[in-house]
2 protein chains.
Amino acid sequence: MIIKLDMASEVPIYVQLRNAVVIGIGKGELVPGEGLPTVRQMAEDLGVNTMTVNKAYGILKNEGFIEIDRRHGARVNPQKDKFGVFREKAEDELLLLISEATVRGVEKSEFMALCEKVYAGMCMPDAKLV
Amino acid sequence: MIIKLDMASEVPIYVQLRNAVVIGIGKGELVPGEGLPTVRQMAEDLGVNTMTVNKAYGILKNEGFIEIDRRHGARVNPQKDKFGVFREKAEDELLLLISEATVRGVEKSEFMALCEKVYAGMCMPDAKLV
DNA sequence: TATTTGTATTATTTATTATAATACAAATAT
DNA sequence: ATATTTGTATTATAATAAATAATACAAATA
């Protein structure tokens, strides 16, 4: 899995890394049980500090995307949204995004089509083979 | 228009304020040409510093949501997404949000229904009268 | 036993956020 | 004309966040 960081971005590196992993799992490029590179390896690959990677891994662990132990390192372990925590967060984010879309003149149909387009690019069963 | 700030939030105050205005315009609670409270008034209402409000207003101006002059203060002036800048940003955000939705076990149909729900709560032509 | 793992610690640097106290030019209202 | 209000700029300060650096340690592995 290839992760690209934008060092000029306002988004903190550890957030960019966290997001990349979430997207990777969502797309199926990272499958449950699969191991992530070690903290040190990932830090070396990305050219960032060990603690920056460790922070991202810690967040992914707390959010229930991966599990970590000293034997196997970090492994993909996605947990479902049991109590609707995500649904609530998603609704808040969608309110902001859809508000801006409306202001920008993007019709509802076009916004929904944008969602469809993103979903179309999600299903990549052979992504790892590419 | 009532704006609520969460002082305990990790989201900076000026970002919360910026978002609230964008949502207000999107919902139609703030109509084009309508004046926003002055920087000082808004700061007093919210109990924050003048410069914090000024920063939010400056961003809203740069993003093309309001216009500002010394005569009329800040007025709502939403600009359309002419060059697809918003569409690109929206697609990036949707990729992350939909990825997380997928991981959390939220089906596509449910996600689209969530969008529909948000849209249903958007159209409030008489919002200002309530 | 030596190595690798995640993790913790401490320190330092830089950037961001927020507040505070003024000040100024432009425009308005009295 | 004068006083007020407007957005804006300036400078300073404090608190927090982000990133790096250099180690260190216990647990697990090879």
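Note on naming: letters A, B, ... go to the chains in the order of the sequence lines (proteins, then strands), and numbering restarts at 1 for each one.
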query: With side chains defined as the heavy atoms from C-beta onward, is the minimum distance between Met7(A) and Val48(A) less than 4.5 Å?
result: yes
task: Taking all non-hydrogen atoms of both residues into account, name the closest pair between Glu29(B) and Glu34(B) and its distance.
output: O-OE1, 3.6 Å
Lys89(A), NZ: over 12 other non-hydrogen atoms inside 6.0 angstrom: yes
- prompt: What are the two closest heavy atoms between Lys27(A) and Gly121(A), and how far apart are they?
  reply: CE-O, 4.1 Å
task: Return the value, rounded to whole Å, for the distance between atom CG of Leu5(A) and atom C1' of dA18(D).
output: 14 Å
message: Hydrophobic cluster membership, with links at side-chain heavy-atom distances under 4.5 Å among I/L/V/M/F/W/Y: are Val39(A) and Ile59(A) in one?
response: no
- prompt: Taking everything shown except Glu110(A) itself, do over 12 heavy atoms lie less than 6.0 Å from its CD?
  reply: yes
statement: Comparing Thr50(B) with His72(A), nearest DNA chain C nucleotide closer to 5' gives the residue His72(A)
- prompt: Going 5' to 3' on DNA chain C, which nucleotide is the first and which the last to come under 4.0 Å of a heavy atom in chain B?
  reply: dT17(C) to dT28(C)
- prompt: Honestly, is Arg104(B) close enough over Phe65(A), meaning NZ or CZ under 6.0 Å from the six-membered ring centre and within 45° of the axis?
  reply: yes
query: Do the charged groups of Lys117(B) and Glu88(A) touch, with an N to O distance under 4.0 Å?
result: no
- request: Output yes when a side-chain donor or acceptor of Gln16(A) lies under 3.5 Å from a complementary backbone atom of Val11(A), and no otherwise.
  value: yes
Whichever of Asn54(B) and Arg40(A) has its nearest DNA chain D nucleotide further upstream toward 5': Asn54(B)
query: Does DNA chain C take part in any stems of at least 3 consecutive Watson-Crick or G-U pairs (both distances under 3.5 Å), and if so, which ones?
result: C:1-30 with D:1-30
query: Of all of residues 9-20 of chain A, which get a heavy atom below 4.0 angstrom from DNA chain C, listed by number?
result: none
- request: Respond yes when some side-chain nitrogen or oxygen of Lys55(A) is under 4.0 Å from OP1 or OP2 of dA18(D), and no when none is.
  value: yes
- request: Identify the residue among Asn49(A), Leu46(A), Asp6(A), Thr52(A) that makes a side chain to side chain contact (heavy atoms under 4.5 Å, CB included) with Ile13(A).
  value: Thr52(A)
